[in-house]
Amino acid sequence: MRIPRYISSLDQVHQVIQTDTIVVGAGIAGLYTALQLSQKAEVILVTKKSLIDSNTRWAQGGIAAVTSEMDSPELHKQDTLMAGAGLCDPAAVDILAHEGPDGVKNLIYYGVHFDEEDGQIALTREGAHSRHRVLHAQGDATGAEIVRGLSELVRKTKNITILEDHFVTDLLTKDEQCHGITVLKPNQKKMLIQAKSVILSTGGTGQLYRYTTNPDIATGDGIALAYRAGANIQDMEFIQFHPTVLFYPGAPRFLISEAVRGEGAILRNTNGEPFMHKYHSLGDLAPRDVVSRAIVSELQQSGNQYVYLDFTHESEEKIRHRFPTIYKTCLEYGLNLVMDWIPVAPAAHYTMGGVKTNTHGETSINGLYACGEVACTGVHGANRLASNSLSEAIVFGKRIADHILAQRLTQRLRSKDLLQVMELAGENQPEETNRPSLEDIQEKRISLQKKMLQHASLTRNEGSLHKVEEAIIKGMDRVFPYVWNQKEAIEYINLLICSYLVVQASLLRTESRGGHFRTDYPLVNDEEWKKHIILTRDAQSGEMKESYVDVKSS
């Protein structure tokens with residue numbers, strides 16, 4: 001399938017501005033990286049909604065880092081490697097485990113307040129962790145507290161210019177060098193921002209699926225931007241579904257943190273029987289992919305749509321203190337954690353793959369970096385260890401900033417070269433007849449989400465993947481003849497591209513591992529598949545090409 005290089009025209013750019021660095025996205029990765037860069041560089045931070053709208057804001061469980069004498073970086077590393085099912089990059093995991101504690105100290109310095117007990121930072125344990133090492137804030141509102149602390153500081157920082165409600169449509173590249181971005185402003189006018197470096201921190205792809213814990217903004221924008229620009233995209237077959245998401249009539253798909261099970265909650269089937277001991281030696285604290293598929297197995301056996309999470313054996317005081325957000329939200333829908341078993345089912349939660357980077361956050365395009373969920377650093381492998389994502393964002397955000405500030409920054413694109421790039425972006429614009437309406441695009445987005453959920457979610461097989469592949473290609477054929485300058489349309493195109501990447505990688509990996517489970521290849525195959533799948537857009541043909549990289553040894 002040919003995917004065009006540019007999907008937005010530059011024929012009416014009304015403003016061109018320059019800066020040292022651009023950060024795209026305002027979650028923990030974007031905010032933290034911007035603050036690190038602002039010490040010695042001018043930063044423009046671009047976010048398609050407000051500064052507080054991101055996946056990070058909804059993170060409940062916490063941030064994993066070694067802060068206890070009863071713990072060690074080596075234990076954290078071992079837990080991460082185990083959860084990653086053989087596909088982690090040991091060097092990247094080692095960096096995470098050893099540099100995470102200093103990152104947490106920086107967050108505290110920046111004004112983030114973590115919960116304490118008896119004057120010490122409070123720690124909890126989550127699935128697949130061997131120690132209590134997860135810091136949390138306001139009980140179960142860790143992400144919201146991090147966003148509050150970092151966003152308040154970002155707004156006060158003189159070297160950071162914030163562009164809210166600005167949507168990035170394309171990366172500008174010339175000679176395998178990234179030179180900036182094109183942006184739709186709130187008034188729909190177009191602007192171009194030139195910079196010596198661009199950092200993507202746009203989050204994940206949760207909106208690929210009809211049921212997700214992610215907000216509406218998680219449309220895979222950064223992955224699609226980077227793919228169209230020719231960057232290497234890795235491990236897209238590995239999508240993590242969170243096992244315990246509220247499933248109740250009239251209620252949103254609200255995340256019930258894994259920390260609830262870490263504090264002793266028990267999963268029960270609709271007969272009231274605990275069942276996780278049948279699927280894993282860690283029981284309710286097994287890795288997320290194991291728990292999610294165990295729940296699906298129980299649902300298939302019973303014919304029901306949900307199982308129960310039972311926390312009723314704990315005291316009301318503990319529940320209300322430790323999980324105030326979850327307690328309050330459930331209560332709004334007539335469910336009381338103190339007395340009721342809570343109906344839950346899996347939902348799309350986290351993208352393990354993304355834009356391939358090295359340990360300095362560099363992508364395969366010079367001047368382009370990626371950080372946070374949009375990136376594939378090698379930390380998560382085939383299955384992310386709970387609460388490692390926030391740690392990864394701050395550890396590699398700092399490494400990106402250090403690398404950029406230490407390098408001899410490249411020259412900004414010359415005016416003559418800039419005009420050539422703009423001309424390329426505007427080539428071959430078709431007639432506007434038969435263009436789909438925005439209403440039509442919204443319907444197609446929902447249809448895509450339903451098909452991805454049905455055919456390419458927790459379980460897959462060759463037949464189901466080809467069904468959704470056919471639908472994706474039809475969707476692409478409908479939108480790609482046109483150049484788009486509407487945010488809603490480009491978000492849908494980004495979802496199409498990301499779904500195509502997920503499906504192609506899933507077809508290529510003929511085994512089951514971590515977040516990727518194929519019913520026609522249900523076993524792990526280390527002999528053939530202990531390697532990464534890398535997908536890249538060919539610059540000449542626009543077609544996808546695949547390559548493979550063996551997993552690095554420890």
Side-chain angles (χ1 to χ4, degrees), residues 21-39 41 43 45 54-56 59 63-66 73 76-77 80-81 83-84 87-107 110 112 143 146-147 150 178 197-204 222-223 226 231-235 238 350-381 384-407 532 552:
T21 60
I22 300 168
V23 175
V24 185
I28 184 175
L31 295 171
Y32 190 86
T33 307
L35 285 169
Q36 294 288 309
L37 286 164
S38 69
Q39 299 172 28
V43 181
L45 192 155
S54 65
N55 280 2
T56 301
I63 180 168
V66 175
H76 190 183
K77 179 179 178 179
T80 301
L81 292 173
L87 285 195
C88 297
D89 177 352
V93 176
D94 193 68
I95 288 169
L96 175 83
H98 283 86
E99 298 181 14
D102 285 339
V104 167
K105 291 177 182 177
N106 266 342
L107 286 178
Y110 284 154
V112 176
I146 290 173
V147 169
L150 295 183
C178 186
S197 55
V198 175
I199 302 97
L200 296 174
S201 52
T202 53
I223 294 173
N232 291 335
I233 311 298
Q234 178 175 291
D235 291 347
F238 299 112
Y350 194 87
T351 309
M352 267 82 75
V355 186
K356 178 177 171 55
T357 70
N358 63 16
T359 54
H360 297 292
E362 294 177 287
T363 72
S364 56
I365 298 174
N366 293 327
L368 180 65
Y369 297 77
C371 187
E373 192 173 352
V374 68
C376 186
T377 63
V379 163
H380 305 308
R384 176 177 68 98
L385 180 66
S387 292
N388 264 356
S389 55
L390 300 182
S391 300
E392 180 196 35
I394 59 175
V395 166
F396 289 92
K398 184 179 188 305
R399 293 177 72 85
I400 288 170
D402 288 348
H403 187 266
I404 290 172
L405 296 176
Q407 298 300 305
H532 302 285
K552 298 176 183 177

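Every value quoted in this text rests on a predicted model; they were computed, and no experiment measured them. Side chains included, hydrogens not; waters and symmetry mates left out as well; all remaining heavy atoms used.
Note that CD1 of I400 is 5.5 Å distant from OG1 of T33, once rounded to the nearest 0.5 Å. Taking OH of Y369 as the start and SG of C178 as the end, the distance is 10.5 Å to the nearest 0.5 Å. Atom NE2 in H403 sits 12.5 Å away from atom CG in L37 (nearest 0.5 Å). In this structure, NE2 in H532 is found 5.5 Å from CG in D235, a value given to the nearest 0.5 Å. Within the model, atoms NE2 of H76 and CG of D94 stand 11.5 Å from one another, a figure rounded to the nearest 0.5 Å. The line from SG of C371 to CG of L200 is 10.5 Å long, rounded to the nearest 0.5 Å.
Aromatic ring centres of F238 and H380 lie farther apart than the 6.0 Å criterion allows.
Counting heavy atoms from C-beta outward, I28 and V147 have side chains that stay 4.5 Å or more apart. In this structure the side chain of L31 reaches within 4.5 angstrom of the side chain of L45, judged on heavy atoms. Between I199 and I404, the closest side-chain pair of non-hydrogen atoms falls below 4.5 Å. Contact annotation: the side chain of N106 approaches that of Q36 to within less than 4.5 Å [non-hydrogen atoms, C-beta and beyond].
Between the side chains of E362 and N358, at least one donor N or O sits under 3.5 Å from an acceptor N or O.
Partners of A386 by side-chain contact (heavy atoms from CB on, under 4.5 Å), not counting sequence neighbours, listed by chain and number: E126, H129, E258, R288.
Across all their heavy atoms, A231 and S364 have their closest contact at CA-OG, 3.3 Å. The heavy-atom pair separating G30 from S201 by the smallest distance is CA-OG, 3.2 Å. Here the closest heavy-atom approach between residue V355 and residue G222 is recorded as CG2-O, 4.2 Å. The two residues V93 and V379 have their closest heavy-atom pair at CG2-O, 3.7 Å. Here the closest non-hydrogen pair linking C88 and G84 is SG-CA, 3.5 Å. In terms of heavy atoms, P90 sits closest to L81 at CA-CD2, 4.3 Å.
Under the 3.5 Å distance criterion, the side-chain polar atoms of T357 are left unmatched by any main-chain donor or acceptor of A370. Not one N or O on the side chain of E392 forms a donor-acceptor pair closer than 3.5 Å with the backbone of L96. Counting only distance, with no hydrogens or angles, the side chain of S391 and the backbone of A64 share a donor-acceptor pair below 3.5 Å.
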Show your working on side-chain contact (heavy atoms from CB on, under 4.5 Å) between I146 and Y32 and close with a plain yes or no. CA-CA 10 Å; I146 290 173; Y32 190 86; over 6 Å; no
Assess the residue pair D102 and I394 against the criterion (side-chain contact (heavy atoms from CB on, under 4.5 Å)); give the C-alpha distance rounded to whole Å, side-chain angles, the decisive distance to 0.1 Å, and a yes or no. CA-CA 9 Å; D102 285 339; I394 59 175; over 6 Å; no
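A salt bridge between E99 and K398 is absent, with no side-chain N of the basic residue lying under 4.0 Å from a carboxylate O of the acidic one.
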